[in-house]
Amino acid sequence: MTTRGRYDRALPRSFYQRPTLDVARDLIGKYLVRSSTEGLTSGLIVEAEAYIGESDPACHASRGRTTRNDPLYGEPGHAYVYFTYGMHYLINAVTEKEGTAAAVLIRALEPVQGIDLMRARRQAGRSGSRPEVAAHELCRGPGNLARAMGITLDENRMDLAGSTSNTLWIEDRDQQFRDIGWSPRIGIRVGTDRLWRCFVPGHPCVSGSRASWPGRSLQAET
DNA sequence: CGTTCGATGCACT
DNA sequence: GTGCATCGAACGT
């Protein structure tokens, strides 16, 4: 085994207690890690979006606090997971400070560990034999990502930063991306004027149509 | 390449 | 009853 995927490398709470756009940018290049009874899976975060408070019309908190969005108002560093379109779970990391209702949606990962397990989760419950999902598509898009990582409402409110959980966290493995692109957020009908989606330009695991990206090449270093 | 549309279930109006 | 921070298949150009 390697030293990768250890909960003691989780980002501290102070990482999340900052302006949401800074957290979103800095989450690019970090690793989302999930340890379950099925095994360990992890991936490099290559796409994220910021949702910032009740004044952001696209934020779930734009119409006030409800039972569903309550985790947004809680302590930074916790997960806000919700269910949408009748079939998808999406995961956010809560940011700023208690009461602000801000978070970063994690939209895509480059799979790193547990790729076979990711593939099994993606194919579970599907009928017939289908072509194998390519590795770069396993965690492309927030719904796919949650499916591959085994994230459901069971992980809602989970502490990604504290010491009580050891099943889901985000860690630093000293990865740096030189260039990060910014665009409008995807899949929303309001607040599209804000460039609050960030991503690794040209990375094959980033969601959305390739034509909508700035034409830059991948530049990564360890 | 592009756009449209059905699946599917739940929180909120 | 309406509307999703989606996905992928189906279809048009």
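This is a predicted model, so every value here is computed, not measured. We name chains A, B, ... by the order of the sequence lines, and we start the count at 1 in each one.
- A/R68 pairs by the side-chain hydrogen bond (donor to acceptor under 3.5 Å, both in side chains) definition with nothing, not counting sequence neighbours.
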Side-chain donor-acceptor pairs under 3.5 Å in residues 77-89 of chain A, sequence neighbours left out?
| from | atom 1 | to | atom 2 | distance (Å) |
| --- | --- | --- | --- | --- |
| A/H78 | ND1 | A/R157 | O | 3.0 |
| A/H78 | NE2 | A/E75 | OE1 | 2.9 |
| A/Y80 | OH | A/H60 | ND1 | 2.7 |

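- If you chain together ILVMFWY residues whose side-chain heavy atoms come under 4.5 Å of each other, A/L117 ends up in a group of its own.
- Each salt bridge (charged side-chain N to carboxylate O under 4.0 Å, His left out) pair with one or both residues in residues 31-48 of chain A, not counting sequence neighbours, appears once here: A/R34-A/E155, A/E38-A/R121, A/E47-A/R107, A/E47-A/R197.
- Using a 4.0 Å heavy-atom criterion, one finds that A/R147 contacts no nucleic acid atom at all.
- Between A/T67 and the phosphate of B/dC12, there is a side-chain N or O to OP1/OP2 separation shorter than 4.0 Å.
- When the nucleotides B/dC12, C/dC7, C/dG8 are ranked by their closest atom to the side chain of A/H88, C/dC7 comes out on top.
- With sequence neighbours left out, the salt bridge (charged side-chain N to carboxylate O under 4.0 Å, His left out) criterion links A/R122 to no other residue.
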Query - Intra- and interstrand pairs of DNA chain B - dot-bracket, Watson-Crick/G-U under 3.5 Å, | marks other strand - result: |||||||.||||.

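- For the salt bridge (charged side-chain N to carboxylate O under 4.0 Å, His left out) test, residues two or more places apart in sequence or in another chain that qualify with A/R185 are A/D56.
- Of the side-chain N and O atoms in A/N144, one or more sit less than 4.0 angstrom from OP1 or OP2 of C/dG8.
- For the side-chain hydrogen bond (donor to acceptor under 3.5 Å, both in side chains) test, no residue two or more places apart in sequence or in another chain qualifies with A/E98.
- Rounded to whole Å, the distance from OH on A/Y89 to P on B/dA11 is 11 Å.
- For the pair A/R18 and A/F15, the distance from NZ or CZ to the six-membered ring centre is under 6.0 Å and the angle to the ring normal is within 45 degrees.
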Check nucleotides 3-5 of chain C for protein N or O atoms closer than 3.5 Å to its own N or O atoms and list the pairs.
| from | atom 1 | to | atom 2 | distance (Å) |
| --- | --- | --- | --- | --- |
| C/dA5 | OP1 | A/H60 | NE2 | 2.5 |
| C/dA5 | N9 | A/Y82 | OH | 3.1 |
| C/dA5 | N7 | A/A58 | O | 3.4 |
| C/dA5 | N7 | A/H60 | NE2 | 2.9 |
| C/dA5 | N1 | A/N92 | OD1 | 2.4 |
| C/dA5 | N1 | A/N92 | ND2 | 3.4 |
| C/dA5 | N3 | A/Y82 | OH | 3.3 |

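- The salt bridge (charged side-chain N to carboxylate O under 4.0 Å, His left out) analysis of residues 80-91 of chain A, with sequence neighbours excluded, yields no pairs.
- In this view, A/R119 and A/I115, A/D116, A/Q123, A/E132, A/A135, A/L138 satisfy the side chain to side chain contact (heavy atoms under 4.5 Å, CB included) rule, not counting sequence neighbours.
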Please write out the pairs of protein N or O atoms and N or O atoms of nucleotides 11-13 of chain C separated by less than 3.5 Å, giving the distance to one decimal.
none

